[in-house]
Each structure stands twice: as structure tokens, then as C-alpha cells.
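The structure under discussion appears below in the form of C-alpha cells.
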2 protein chains.
Amino acid sequence: MKQEKELYRDFLRSKNLKLTKPRLIIMEAVFENHEHFNVDDLYEQIKKKHKNVSRATIYRTVPLLVESGLIKQSLRCESKDIYEHTYGHENHLHFICENCGKIIESGFSEVANLIDTLAEKENFKISEYNLGARGFCKDCQK
Amino acid sequence: MKQEKELYRDFLRSKNLKLTKPRLIIMEAVFENHEHFNVDDLYEQIKKKHKNVSRATIYRTVPLLVESGLIKQSLRCESKDIYEHTYGHENHLHFICENCGKIIESGFSEVANLIDTLAEKENFKISEYNLGARGFCKDCQK
DNA sequence: ATTTTATTGAGAATGAATCTCAAATGCATA
DNA sequence: TATGCATTTGAGATTCATTCTCAATAAAAT
């Protein structure tokens with residue numbers, strides 16, 4: 001957590017952005033959690049613990065966290081954008097069980113390498129991978 | 001196109017749904033195109049042919065086409081749900097440009113093979129792949 | 001401490017997707 | 001071919017996540 005905070009500070013500084021109280025509160029809330037989250041989750045979490053931060057500010061700050069590389073946008077869920085940590089978390093691909101909703105995380109680098117090659121062929125510069133599959137986990141196949 | 005229409009008819013019949021004019025117009029519009037599309041694209045396309053169908057009906061009909069297996073939901077683009085054909089189309093992965101929204105399709109089987117191996121390790125049975133990356137196409141990098 | 005400039009909060013605005021309901025249509029039956 | 005009825009449609013209203021606006025506030029530069 002120390003490190004995330006440092007990285008965040010550096011990022012803000014490098015962009016000439018101010019290190020404001022709401023920005024700190026939001027980033028702390030983000031790293032209290034180790035699950036996927038959406039803006040509303042953050043809002044409620046912050047409301048419970050700290051002083052309030054407006055939804056508008058959360059909506060404005062989350063993209064900064066994404067840009068800083070600390071989190072990334074994940075698959076949408078229930079019509080909401082959801083996010084997941086990237087810092088300190090291996091990139092991974094998701095297997096999502098259509099029956100029980102379980103998310104299984106699996107290897108990544110081999111796949112990413114392959115994708116990189118394909119992207120190069122198209123002259124495409126990747127900023128974020130989106131890799132996974134839906135199906136049935138071992139408990140939900142009968 | 002003949003076949004798609006047949007499959008669609010059969011699907012509707014099997015669900016005791018009526019083969020109405022709007023449903024036919026929409027499915028024809030869907031299969032005129034060979035690109036990814038969203039509801040608005042369909043609406044405009046249909047309007048051009050002077051066969052108006054309301055947006056509400058398109059929103060109601062697209063899920064039927066998905067359920068029938070003729071199309072599937074693809075990655076979101078510009079805050080809109082987008083769809084792609086599945087019937088008669090190879091699986092592929094998407095590179096989506098964050099700037100201009102262009103979707104580049106690229107190889108698939110090598111990646112899919114790799115993913116299959118990973119899925120096997122987890123004892124996971126894949127029913128649908130979800131493979132791609134966001135970034136910038138060659139025209140949108142400066 | 002004062003000035004400058006970015007940031008915030010609150011609510012309004014936007015826009016995709018969904019819902020409502022009276023009118024229209026498909027289709028089974030006579 | 002006409003009748004009856006359940007389904008479907010269109011148009012607009014509604015919802016809800018996200019973005020925008022702008023006056024008030026806070027950070028940091030001087």
C-alpha cells in the first residue's frame with residue numbers, strides 16, 4: 001500500500017495534478033478492497049468509513065487510477081463498468097462460469113506474447129488486453 | 001442468407017413467436033451487413049430503405065437474434081453494445097481502437113489453442129471465447 | 001499571506017437501454 | 001375470407017450509469 005501511494009503521487013505529479021484529499025480517499029478505498037469493484041461500490045465504501053466524496057469526483061478519479069496503471073477496466077457487470085487492480089497483480093485471463101459465476105484466473109504471458117505478435121502485424125499498439133472465455137467450471141459440468 | 005432466414009424462422013417457431021414484418025426487416029438488415037453493428041446502425045440502415053421499424057422493436061429483436069445463435073454480443077464500443085455475426089463466421093479476436101473506434105479482426109486459432117490448454121488445466125469447459133485488446137490503430141498513433 | 005489555477009460538489013444533462021400501453025398485426029379457427 | 005384473441009408494435013416516458021456545468025473551494029506557487 002505504501003508503494004501504491006507513492007506511485008500514485010508520482011503519477012499525479014508527473015501530470016501536474018494536485019494531490020487532493022478526495023483523490024487520496026478514493027485511492028485508499030480502492031486498495032482496501034481486493035475484489036473487482038465499480039464506482040458505486042467505492043462510493044458506498046467511502047461513505048461508510050471516511051468523509052463523503054461525491055460520485056462526480058469518483059467518476060473523475062477512477063480514470064486517473066486507470067491511467068496510472070494501478071487499476072484497469074475489467075468486464076462490464078450488470079450494466080456497470082467494473083475495475084480490477086493491476087499493480088501487484090499478475091495480468092491474467094478470466095474463465096467465467098456461466099452457471100455459478102465463478103471467475104477463474106489463469107496464465108497470461110504466453111497468450112499475451114502471441115497477441116503481441118498479431119498486434120504488431122496490424123501495426124496496432126495495445127494499451128489493454130481483454131482475454132478470457134465463458135463456459136463451465138469443473139463443478140458445474142454434469 | 002437463405003439459410004439464416006430458415007434458421008431464424010425455425011427459432012421463432014420453436015419459441016412460439018410470430019414471424020412479423022419488423023422481425024423480418026431487422027434480420028434482413030442484420031445480414032445485409034458483414035460488419036459489427038449496434039442498434040443505431042441497424043435503425044439507420046433500415047430507415048434508409050424506407051422500411052421504418054422503431055428503435056424499441058430493434059432493442060427487443062436483437063436479443064432474439066442472439067438467442068437464436070445467429071449473432072452474438074461483442075465488446076462494447078463508444079458506450080454502446082455491439083454485435084457481430086456468428087453464423088458462418090470464423091471466430092476471431094478484436095483489436096479495438098480507443099480513438100477512432102475501429103475494430104480490427106485478427107487471427108484466432110493459435111490463441112484459442114493456447115487458451116484451450118490453459119482451460120484444460122483448470123478443468124474448465126469453454127463455450128465462448130472473449131479475446132481482444134484495446135489500444136490504438138496505426139492511423140491513431142502520432 | 002496572497003494570488004493563481006486546478007479541483008470539487010451538487011445538481012442538471014446526456015444517452016443507451018428498457019418499459020408502458022393503446023393500437024395494430026399475425027395467425028388459428030370457423 | 002372473416003372473426004377472435006393473444007402477441008407485437010410504435011411512440012413516448014422512464015431509468016440509470018456516466019458526463020458535464022459552474023460557482024465555491026482547496027492546493028501550491030509566489
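Chain letters run A, B, ... following the sequence lines, proteins first and then strands; every chain starts at 1.
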To the nearest Å, how far apart are [X] [atom1] and [N] [atom2]?
{"X": "K80(B)", "N": "dT14(C)", "atom1": "NZ", "atom2": "C1'", "answer": "13 Å"}
{"X": "E78(A)", "N": "dA17(D)", "atom1": "CD", "atom2": "P", "answer": "10 Å"}
{"X": "I25(B)", "N": "dG10(D)", "atom1": "CD1", "atom2": "P", "answer": "8 Å"}
{"X": "I82(A)", "N": "dA17(D)", "atom1": "CD1", "atom2": "P", "answer": "14 Å"}
{"X": "L24(A)", "N": "dA27(D)", "atom1": "CG", "atom2": "C1'", "answer": "12 Å"}
{"X": "D81(A)", "N": "dT19(D)", "atom1": "CG", "atom2": "C1'", "answer": "12 Å"}
{"X": "N16(A)", "N": "dT4(C)", "atom1": "CG", "atom2": "C1'", "answer": "14 Å"}

Can you name the closest pair of heavy atoms from [X] and [Y] and give their distance?
{"X": "N38(B)", "Y": "I82(B)", "answer": "CB-CG2, 4.0 Å"}
{"X": "H85(A)", "Y": "N33(A)", "answer": "CE1-O, 3.0 Å"}
{"X": "H36(A)", "Y": "D41(A)", "answer": "O-OD2, 4.4 Å"}

Counting C-beta onward and ignoring hydrogens, is there a side-chain heavy-atom pair between E4(A) and E28(A) closer than 4.5 Å? no

Using atom types as modelled, flag every donor-acceptor pair under 3.5 Å from a side chain in residues 117-124 of chain B to any protein atom, sequence neighbours excluded.
{"unit_1": "T117(B)", "atom_1": "OG1", "unit_2": "N113(B)", "atom_2": "O", "d": "2.9"}

So which of residues 40-77 of chain A are in contact with DNA chain C, with a heavy-atom cut-off of under 4.0 Å? N52(A), V53(A), S54(A), A56(A), T57(A), R60(A)

Check whether the side chains of Q73(A) and E128(A) place a donor and an acceptor atom closer than 3.5 Å, and report yes or no.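 Not at all, the side chains of Q73(A) and E128(A) share no donor-acceptor pair under 3.5 Å.
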
Candidate pair H34(B) and E84(B), rule side-chain hydrogen bond (donor to acceptor under 3.5 Å, both in side chains), full reasoning: CA-CA 8 Å; H34(B) 289 250; E84(B) 61 181 279; over 6 Å; no

Tell me if a side-chain donor or acceptor on Y59(A) pairs with a main-chain N or O of S54(A) at a distance below 3.5 Å. no

Collect all protein-nucleotide pairs involving nucleotides 26-30 of chain C in which both atoms are nitrogen or oxygen and the distance is under 3.5 Å.
{"unit_1": "dG26(C)", "atom_1": "N2", "unit_2": "K18(B)", "atom_2": "NZ", "d": "3.4"}
{"unit_1": "dG26(C)", "atom_1": "N3", "unit_2": "K18(B)", "atom_2": "NZ", "d": "3.4"}
{"unit_1": "dC27(C)", "atom_1": "OP1", "unit_2": "L19(B)", "atom_2": "N", "d": "3.1"}

Please lay out, stage by stage, how Y87(B) and F31(B) fare under the test ring pair (Phe, Tyr, Trp, His ring centres under 6.0 Å). CA-CA 10 Å; Y87(B) 183 75; F31(B) 286 101; 7.6 Å; no

Mind checking N38(A) for me? I need base, sugar-phosphate or nothing, with any heavy atom below 4.0 Å counting as a touch.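 The answer is nothing, as N38(A) stays clear of every strand by at least 4.0 Å.
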
